[in-house]
Amino acid sequence: MATYTPMIQQYLRIKADYQDAFLFFRLGDFYEMFFQDAVKASQELEITLTSRDGGGAERIPMCGVPYHSAANYIEQLIEKGYKVAICEQTEDPKQAKGVVKREVVQLITPGTVMDGKNLNDKQNNFIAAIEQYEAAISVALTDLSTGESHVTLVRTIDEAIGELYSHQVREIVISSQFQDEYRKKILERCSATFSVEEGMTDSSHFQRLCQHLKDERLTSAFGKLYAYLYRTQKRSLDHLQTVRFYQLHDFLRMDLFSKRNLELTETIRTKGKKGSLLWLLDETKTAMGGRLLKQWIDHPLINRSEIEKRHQLVELLINNFFEREELRERLKEVYDLERLAGRVAFGSANARDLIQLKKSLQKIPEIKSIISSFQNEDARKMADEMDPCESLTKKLDEALLENPPLSVKEGNLIQDGFHETLDKYRDASRNGKKWIAELEQRERQETGIKSLKVGFNKVFGYYLEVTKANLHLLPEGRFERKQTLANAERFITAELKEKEALILEAEEKSVELEYELFVSLREEVKKYIHSLQTLARKISELDVLQCFAVISEERHYTRPTFSDDELWIEEGRHPVVEKVMNSQEYVPNDCLMKKERNLLLITGPNMSGKSTYMRQVALTAILAQIGCFVPAKRAVLPIFDQIFTRIGAADDLVSGQSTFMVEMLEAKNAIDNATAKSLILFDEIGRGTSTYDGMALAQAMIEYIHDYIGSKTLFSTHYHELTVLEEQLDDLKNVHVSAIEENGKVVFLHKVKEGAADKSYGIHVAELAQLPDKVIERAKQLLAQYENTSDKEEPKEKKVKSEVIQEAQLSFFAAPSETKKETGQKKNEKEVLQQLASLNLLDMTPLDAMNELYNIQKKLKKEV
Ligand code: ADP
Ligand code: MG
């Protein structure tokens, strides 16, 4: 080590603080990487690996990228989940004694990118911090590009993962104490980069953002996140907005699996947006609206009046077609105010950004006037809350040129008449140029050389040029010879040089001054950041509401009404399947769930539409609760507090996780947490194990939900045996998706009807799939055999283990009269059990107890 050159020593010193990042070390016009960084970067970026002598025994691996194209390479690394520390020269190399001073000026990470292709317009880029406490986990989330932050406290790691997942968190800040097991669990579900932060910033730095938070654990998680952002970004975080506290139970809750299964924001198969509910709905016109739409889908409301407020506004927008179209036109011209504000605060906004800001603000008054023209209280309120920041708009309009360049250091940013000194410089330069232009005319006339011209290059400045053919016309000594070209001579004059000096000085000064003026203008905009953020929020809301209106009208949705405990959807459709398959073909279906019909047991052949039907009910509820209309002719809905889905192993496409254990864990989650106000979808549960096992579990779960929870439940099953439950459970009804047989083939009608399906059409589906005739024939034979033997005797190996199943089996195959007796007995047992449960043992003597026991036994014996 001692033998390394001073520069390599400096490199190693800096690198020690950035072990988990690629260190981009500025050397002249390049960012260089050394040692392991170089080896890895050359592979990841496919750039050449070289080496250099660094004073040590061996040559040091090295690779580099030109600084002007670095952004592209940085993006590639960030996209792969890496971090990049940008290390710049912080003193002028000409003035440096020894090695030039260098410092890391920014650590770019997946969670902190501010621009480029890693930032999707319609997607937030959240970074999170999470902390563990005894019985809770605090989660803080910030999108640095928009400045918004949210904090919440959850009970379990699964809930925390649910939040990290639905916010698509790219990076998670933890302390080194953070439990490794949790870390692993998070990584299984979210593709995020972990970062460690131990330090805490002095809380006065972020006091203004979270003084309203009551819980120390929330402030602490946000503090950790803030400390990390401050340490890595090394600049103003002024644009961060007041932290918003939310609780999971303020919204319709869905765990990660349910959100995935319902394909709310991405599809199971491709993980892409296309085919998801978000894709169907996204008619937003602004990037901000697109992001808010996703947030709304992830967090449907549960407060009836808030939901109805949204419906009211959607209806208003549907009924005012022309105004709505006008509004959409205006919204299209509003740029991303939130991210513009972020870049202003970050000091990375250029003049084009400010022009976009100006143009956006200019649209606000028109938008306001359109919505205040609606005769509606909420609409008017919304308009009132939009502050068009007029003084800022005026200032930007006066200051900036309409088409500024990307760079803010080359002039051409500021308008004439905005600043006196700038005008003076410009006059000087323009007058000089005018003089030069006139010089050309004058000299042509006086010398008679028509082709004489004035030119400019960077080395010699202004010159006069005369072609060799005309040189003889030029009086000797008129100009001073400067340069000889192949067929021309270039000259200067003292006066020309004098003017040139004036022009160059004026130009240099005006470029400098323009930059200064621009920076102070940007500082001025900073003062408006919070107004701009509030405005952005209002515009996004309006955008999402108009998007709901467009979709609802286009797709013939209806406004739902709400009831306390009844669900009644008439002619409902699956919003996404309907769109994908062409509406004419989609078969609408009713769904009625209420007291004595809280659980629907759905049977029907494979491919008949059971899963689609169940999801359609859930999506209808979600659409209603985010404030959109719903795909149905009429819909009365309860307001659900939670939705649980369990999609059986057969349909489980989530790669590698379709083990039976996961299925059971998810079922447990539903059963533990569901309430009478929840919706449960169990799609072919128990399929991941052997028939009787699975059937037993399915039945036990249905009974449990029925007796102890009372959630609205859709339970699809291919176990026909379970349909007898209708006779035993008061609140359960059978429905089936019908299919008919035509010429020995099955035809799906996709129509949901009352009662149980009468047949399993498995073999016919196999036929449709064109399995070889031999297989089909053999299957038909075997089926006939099974059907003949099953009511006589079960094959030995299929010995019935569970009592529950025995009951189901018996009743399923028994004659109707016997079935009645069965249920009679069951009823009696129930009474006895109730009697037992209501005994107050502490108030009884042993003899009382004995008597009671005798009575109970008698009752049971009598009945049998
Ligand atoms: P199951 O769960 O009963 O096996 P699915 O719900 O997966 O059946 O539906 C199978 C296919 O049937 C779907 O991919 C869809 O194309 C079609 N389908 C389902 N429901 C309907 C409907 N109501 N109208 C028209 N086609 C439907
Ligand atoms: Mg299915």
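All figures in this text were calculated on a predicted structure; none of them were measured in a lab. Both counts, for ligands and for their atoms, begin at 1 and track the order of listing.
- Phe629 and His311 have perpendicular rings, their planes meeting at more than 60° on a 0 to 90° scale where under 30° would count as parallel.
- At least one heavy atom of Ser608 sits closer than 4.0 Å to an atom of ligand 1.
- For the pair Met607 and ligand 1, the shortest N or O to N or O distance falls below 3.5 Å.
- Listed by first then second residue, pairs satisfying side chain to side chain donor-acceptor pair (under 3.5 Å) with a partner in residues 564-574 read Glu570-Arg634, Arg573-Glu578, not counting sequence neighbours.
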Could you give me the CA-CA distance, side-chain angles and deciding distance for Lys594 and Ser563, then say whether side-chain hydrogen bond (donor to acceptor under 3.5 Å, both in side chains) is met?
-> CA-CA 10 Å; Lys594 57 178 187 181; Ser563 128; over 6 Å; no

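- Residue contacts with ligand 1, taken as heavy atom pairs separated by less than 4.0 Å, involve Met581 solely via side-chain atoms from C-beta onward.
- The two residues Glu726 and Asn734 have their closest heavy-atom pair at OE2-N, 2.7 Å.
- When the heavy atoms of Gln616, Glu684, His750 are ranked by distance to atom 25 (C) of ligand 1, first place goes to His750.
- Taking a cut-off of under 4.0 Å to the non-hydrogen atoms of Thr612, the atoms of ligand 1 that pass are 5 (P), 6 (O), 9 (O), 19 (C), 20 (N).
- Contact of the Asp590 side chain with the Val752 side chain is not registered, since no non-hydrogen atoms from C-beta on lie closer than 4.5 Å.
- Electrostatic pairing of Lys185 and Asp158 counts as a salt bridge here, judged by a charged N lying under 4.0 Å from a carboxylate O.
- Less than 4.0 angstrom separates some heavy atom of Glu585 from each of these atoms of ligand 1: 25 (C).
- Counting atoms of ligand 1 from 1 in the listed order, those under 4.0 Å from a heavy atom of Gly609 are 1 (P), 3 (O), 5 (P), 6 (O), 8 (O), 9 (O), 19 (C), 20 (N).
- Here His167 pairs with Phe126, His299 under the ring-ring contact (aromatic ring centres under 6.0 Å, His included) rule; sequence neighbours left out.
- For ligand 1, none of its N or O atoms has an N or O atom of Tyr613 under 3.5 Å away.
- With a 4.0 Å cut-off on non-hydrogen atoms, Pro605 touches ligand 1 through its backbone and not its side chain.
- Metal site remark for the Mg ion (ligand 2): Ser611 contributes an N, O or S atom at a distance under 2.8 Å.
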